[in-house]
Amino acid sequence: MSGERYNPRESEPKWQKVWDEHKSFVTANDDPRDPYYVLEMFPYPSGRIHMGHVRNYAMGDVVARYHRARGMNVLHPMGWDAFGLPAENAAIERKTHPGAWTYQNIEAMKAQLKSMGLSIDWTREIATCSPDYYKHQQAMFIDMLEAGLVTRKSSKVNWDPVDMTVLANEQVIDGKGWRSGAVVEQRELTQWFFKISDFAEELLEALDGLTGWPEKVRIMQRNWIGKSEGLRLLFELQASEKTDATSIEVFTTRPDTIFGASFIGLSPDHPLTTQLATASPGLAEFVAECHRHGTATETLEKAEKQGVDTGLRVKHPVIEGETLPVYVANFILMDYGTGAIFGCPAHDQRDLDFARKYGLPVKPVVLPPDTDPASFAIGNEAYVDTGNIFNSGFLDGLSIEDAKKAIAEFFAARTVDGKPQGKIEVNYRLRDWGISRQRYWGCPIPVIHCEVCGTIPVPKKDLPVVLPEDVTFEKPGNALDHHPTWKHVHCPQCGAAARRETDTMDTFVDSSWYFARFTAPDADTPTIPAVADRWLPVDQYIGGIEHAILHLLYSRFFTRAMKATGHVGLSEPFKGMFTQGMVTHETYKGEKGEWVPPTDIVIESEGETRSARHATTGAPITIGSVEKMSKSKKNVVDPDEIVRTYGADTARWFMLSDSPPERDVQWTESGVEGASRFQQRVWRLVNDVVGIAQQSSDTVASDSADALGLRKIIHRAVAGVAQDIEGLGFNRAVARIYELTNALAKAKEASKGPELVTTLREGVEKLVQLINPMMPHLAESCWEVLEKQGLVADAPWPEVDQALLVDDEVTLPIQINGKRRGEITVAKDLPAAEVEALVLALELVQKALDGKAPKKVVVVPNRIVNIVV
RNA sequence: GCGGGCGUGGUGGAAUUGGUAGACACAAGGGACUUAAAAUCCCUCGGCGCUAGCCUUGCGGGUUCGAUCCCCGCCGCCCGCACCA
């Protein structure tokens, strides 16, 4: 019997080496077993892993190790999302090369990840900044360009003045750059775009099939794509010397309210506005004002509705002889619909605010149910609910839906400017994905601009277009553009002097296909389609909710684009998706309000109350709220530190315990200590049981009632943990393992003689296998103590004796009038009538009945009995 | 404003989604062992009575033999989107 404590510091590196030598986690593509692909979102090589990584990779590793034990061929790779701005910033600060900084960080983080004992196939490691990776991305870009999935167009872009680069709409949060936090400006630039909007409908529809995704993420994507069905409608302009235009085209989702129209609104960026502004200083000033406010003042402040009357008028399309004024209004967006609307103030709040301000008519045309049309009037709130159309000529009496159909048919039959006046149209909020970034540390866009031939792709034989090494970052902006020679090339078509594209790709492109590259990381082509199709879609993808829209939507698009260009045979990259919660920690503040890291404080508790003081100075510390671990609040705990003190298994176990994985988990010192205590407890238990077994040479058959009871507990735990892991309920699996451990420890104490030894031994063996996905090092050490063959990492998941999962007796609670009053143990599946007879005969029931017959007796087989008196 | 989620002991959370509410863990209190500490082990732990009983899943109603779960109305917190016509 070993009285020694388990020492993770010795044992963890030992087992990591053994796994390495055994190539335990190297996956072969030609392995005939069923494939299972589990992937955690790959990290940005910032230099150090944080607790969020630990949680993420611990979860993925449990899934990987479990499915491996289940006999599947598991692919569990790791790589680096290695391009990006921080490397350039570091280069400026440290006068080093972004690549050198990045690869240094990769080495450091790789060592940290290895110390966690993750079952990763490191032979498949990829870094997106390697030409071996990005040359394939360039090849696919050219394929997609040729397939018409890429376009170059001039457009208004979000310009981040701090990072000096363009941002996609998705990267602008509350009017600020997602990384720099700087207020984003609008600029007109020629940019490369992926035509993701061509896939809007497909990306939307396919969401219904993603049943392995959180509903929340699907809803977020649905809202982001933002489909709306409506009518494109032409309004005839009355002749005016101000413009040659003869009509204005608007988009509306409420054509049923056309009889209530009282004005036309143009976006400040509408071409007609621009034209009119050249002749109207007042309008020009208004447009300029809108631009100042447009993105500079955030969207949060409820900008007042403002507009300028252009003096133009359009014919009311359904009321003969009436005309409507044309305004330029600040609340109309150019990049949605047509950049022009018709305003129906009675049934749209914005239009109502606008109409009230400028004294425009407010005519209700939708009558709420059970309302008197004579007395119905609009106050300061537009009526946007259901009802029937009135005040609307031939639409009167129709429902909103029927009126929409009727008016669409009506306008389809009429023409303005030789075109149908109305046309049903579907609009999406989703914009094309602008990928041009004016940065050095990214994948070069492989095209050449020639004065003669235009913009032409780099021939594939000339790939990769490699980033030059000799760059300086002294000037702000794009170091690639500043390079003296790199961009000067000859046109591959005509040989004339030409210029390389110096923009690089958004790093979200890099992460939109890395999961496919992992399936054949050394292939000469971006993928080996047959191999990719065998592994993909990823069975279980795990990562943060912050990527619910951007990364996941881009990856879904890119997979479709890869399918269209023959690189994969499927459309959806991720079958199962799981978004894990954040790791939080208490915050601490010193006397001057400065943040203090947890390592610098000492917590003192007296009974229920906790207080803190500074570890070295003794100064009082205020314990603040629990927040996401962040450098700025200094409430971070370093994984290295934890691994050194408690071991990787303890950190993993704690990250998986207690909190459901999708929710935030709070890191606490006592929680880690609890996890560490459990580790020792398992170690002691296994050693004790082995010791007892050695002392009793007698192996008595384990068929006593006690042994049978214990075996039931063991087999139930095995079945339950499997079920919990499959449902990603790691906290529940942990609770079950605690229960099993408690039961085994109790049985060990109770067992004085040899009678339970065989069962106890079975119990600890299975316990070790159950903890293996979570605490793999401890499991190997225990496996060794148990003198089992081979590694537990290679051992199959323990068999469950199904017969032990069913009881032949059940204990039913007895309720009287719905309140629990007792219980009865009967044979399983005993007919209801017999149960009823037994229960009615009980003394407590007789007493409650007091000689009367029960009003009702409800017997739910194997569940409950309820007697109504 | 629109969309979605959540609310259970001192704390994190269980509860086979209509069938014994509070599993498991943390914290706390008491005890054993020890010269002492650590470690370990045992006991108590929703509230009021403390004996038999009553109350208890944010609040108020409803459906039901039975509601943490379903319906209606409030209150509070969190997340996403946001002038999208």
Side-chain angles (χ1 to χ4, degrees), chain A residues 5 173-174 214-224 226-228 230-231 250-255 257 265 267 298-300 302-305 329-333 335-344 347-351 353-354 384 427-430 545-546 548-549 605-610 654 657-660 662-666 668-675 677-678 680-681 684 720 723 729 731-742 745 749 811-823 854-860 862-869:
Chain A
R5 288 173 62 79
I173 294 140
D174 292 340
E215 187 57 22
K216 181 183 170 70
V217 174
R218 294 199 283 168
I219 288 165
M220 282 165 74
Q221 294 222 346
R222 208 168 278 136
N223 292 342
W224 191 264
K227 179 179 183 173
S228 63
L231 198 67
V250 306
F251 176 72
T252 178
T253 56
R254 292 298 303 272
T257 63
S267 163
E298 284 134 57
T299 43
L300 281 173
K302 293 260 182 277
E304 201 189 343
K305 305 283 174 288
N330 64 345
F331 64 94
I332 299 161
L333 307 170
D335 62 359
Y336 187 80
T338 61
I341 63 152
F342 82 74
C344 177
H347 305 293
D348 183 289
Q349 192 58 47
R350 289 155 307 165
D351 296 349
D353 294 345
F354 191 80
V384 294
N427 254 295
Y428 300 92
R429 216 180 67 108
L430 183 67
I545 186 76
E546 68 272 19
I549 298 173
S605 42
E606 266 198 38
E608 299 283 309
T609 55
R610 298 166 71 242
F654 176 47
S657 315
D658 296 344
S659 289
E662 69 278 7
R663 261 190 249 177
D664 290 354
V665 62
Q666 189 188 341
T668 61
E669 200 64 17
S670 53
V672 190
E673 276 164 10
R677 271 200 300 276
F678 179 68
Q680 297 296 343
R681 200 161 165 236
R684 267 197 318 274
Q723 197 188 319
N731 58 321
R732 294 199 300 269
V734 164
R736 269 189 221 276
I737 292 173
Y738 274 120
E739 278 175 339
L740 175 60
T741 310
N742 291 343
E749 287 307 309
T811 300
L812 305 178
I814 298 168
Q815 294 183 336
I816 291 166
N817 290 336
K819 289 193 195 295
R820 187 178 183 281
R821 282 292 180 271
E823 59 182 39
K855 283 202 185 112
K856 189 170 183 178
V857 179
V858 180
V859 178
V860 183
N862 301 327
R863 271 280 156 76
I864 202 165
V865 181
N866 191 13
I867 296 156
V868 187
V869 295

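Quick note: numbers below take in every heavy atom, side chains included, and nothing from hydrogens, waters or symmetry partners. Since this is a predicted model, take the numbers as computed values, not measurements. Order of the sequence lines sets the chain letters (A, B, ...), proteins ahead of strands, with each chain counted from 1.
- Distance CE (A:M220) to P (B:rA82): 11 Å, rounded to an integer number of Å.
- Residues meeting the side-chain hydrogen bond (donor to acceptor under 3.5 Å, both in side chains) test with A:N742, sequence neighbours left out: A:R681.
- Whole-Å rounding puts the A:N427 CG to B:rA85 P distance at 8 Å.
- A straight line from NZ of A:K216 to P of B:rG4 spans 12 Å, rounded to a whole angstrom.
- When heavy atoms are screened at a 4.0 angstrom cut-off, A:T252 is found touching the sugar-phosphate backbone but no base atom.
- By the 4.5 Å heavy-atom criterion applied to side chains, A:F251 and A:S228 are counted as neighbours.
- Per the geometry, CG belonging to A:N817 stands 16 Å off C1' belonging to B:rG53, to the nearest Å.
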key: Stepwise side-chain contact (heavy atoms from CB on, under 4.5 Å) test for A:T257 and A:D348   = CA-CA 10 Å; A:T257 63; A:D348 183 289; over 6 Å; no
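- Take A:F354 and apply the ring pair (Phe, Tyr, Trp, His ring centres under 6.0 Å) test, not counting sequence neighbours, and it matches A:F263, A:Y327, A:F331, A:Y358.
- You'll find that the side chain of A:R429 is closest to B:rC81, out of B:rC83, B:rA85, B:rC81.
- Remark: the separation of the P atoms in B:rC71 and B:rG19 is 15 Å, to the nearest Å.
- Note on A:I219: only backbone sugar-phosphate atoms sit closer than 4.0 angstrom, heavy atoms only; bases stay farther off.
- Rounded to an integer number of Å, the gap from NZ of A:K227 to P of B:rA85 is 13 Å.
- By the side-chain hydrogen bond (donor to acceptor under 3.5 Å, both in side chains) test, A:S670 is found to be paired with no residue, residues two or more places apart in sequence or in another chain being considered.
- Atom CG of A:D335 and atom P of B:rA85 are 13 Å apart (whole Å).
- For A:R350, a side-chain nitrogen or oxygen approaches OP1 or OP2 of B:rC84 to under 4.0 Å.
- A gap of 10 Å separates the C1' atoms of B:rG22 and B:rG13, to the nearest Å.
- On the P atoms, B:rG61 is 38 Å away from B:rA25, given to the nearest whole Å.
- A:S267 contributes a side-chain N or O that, together with a main-chain N or O of A:I332, makes up a donor-acceptor pair within less than 3.5 Å.
- Nucleotides B:rU68 and B:rG49 have their C1' atoms positioned 26 Å apart, rounded to a whole Å.
- Note on A:E739 versus A:R736: no salt bridge recorded, every NZ/NE/NH1/NH2 to OD/OE distance being 4.0 Å or above.
- Taking CG from A:L231 and CG from A:N427, the interatomic distance works out to 11.5 Å, rounded to the nearest 0.5 Å.
- Remark: the separation of the C1' atoms in B:rC79 and B:rA85 is 27 Å, to the nearest Å.
- Comparing A:K819 and A:P660 against RNA chain B, the residue whose closest nucleotide sits nearer the 5' end is A:P660.
- The gap from the C1' atom of B:rA23 to that of B:rA15 amounts to 8 Å, rounded to the nearest Å.
- Residue A:R821 contributes atom CZ, which lies 19 Å from atom P of B:rC65 at whole-angstrom precision.
- With sequence neighbours excluded, no residue forms a salt bridge (Lys or Arg N to Asp or Glu O under 4.0 Å) with A:R677.
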Please tabulate, one pair per line, each protein N/O and nucleotide N/O from nucleotides 15-25 of chain B that are separated by under 3.5 Å, including the distance.
from	atom 1	to	atom 2	distance (Å)
B:rU16	O2	A:R863	NH2	3.1
B:rU16	N3	A:R863	NH2	3.1
B:rU20	O2	A:R820	NE	2.7
B:rU20	O2	A:R820	NH2	3.0
B:rA23	O2'	A:E739	OE2	2.2
B:rA25	OP1	A:N742	ND2	3.2

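- Each of A:I545 and A:Y336 was assigned the nucleotide of RNA chain B with the nearest heavy atom; the assignment lying further toward the 5' end belongs to A:I545.
- Here CZ of A:R5 is found 8.0 Å from CZ of A:R684. Values are rounded to the nearest 0.5 Å.
- Heavy atoms of A:R218 sit nowhere under 4.0 angstrom from any nucleic acid atom.
- Contact annotation: A:R222 side-chain N/O to B:rG4 OP1/OP2 distance is not under 4.0 Å.
- Look at the P atom in both B:rU11 and B:rC33: the space between them is 35 Å, to the nearest Å.
- In this structure, A:F654 places its CZ atom 13 Å from C1' of B:rG13, rounding to the nearest Å.
- For B:rG9, the O4'-C1' to base torsion is within 90° of 0; the nucleotide is therefore syn.
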query = If you write RNA chain B from 5' to 3' in dot-bracket form, with Watson-Crick or G-U pairs under 3.5 Å, [ ] for crossing pairs and | for pairs with another strand, what do you get?
reply = (((((((..(((......[....))).(((((.......))))).(((....)))..(((((..]....))))))))))))....
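- Between the base of B:rC65 and the side chain of A:K855 there is no donor-acceptor pair shorter than 3.5 Å.
- Annotation: side chain of A:I867 is not in contact with side chain of A:R821 (no heavy-atom distance under 4.5 Å).
- Closest contact between the side chain of A:I549 and the listed nucleotides B:rC81, B:rG13, B:rA85 involves B:rC81.
- Between the P atoms of B:rC6 and B:rC70, the separation comes to 9 Å (whole Å).
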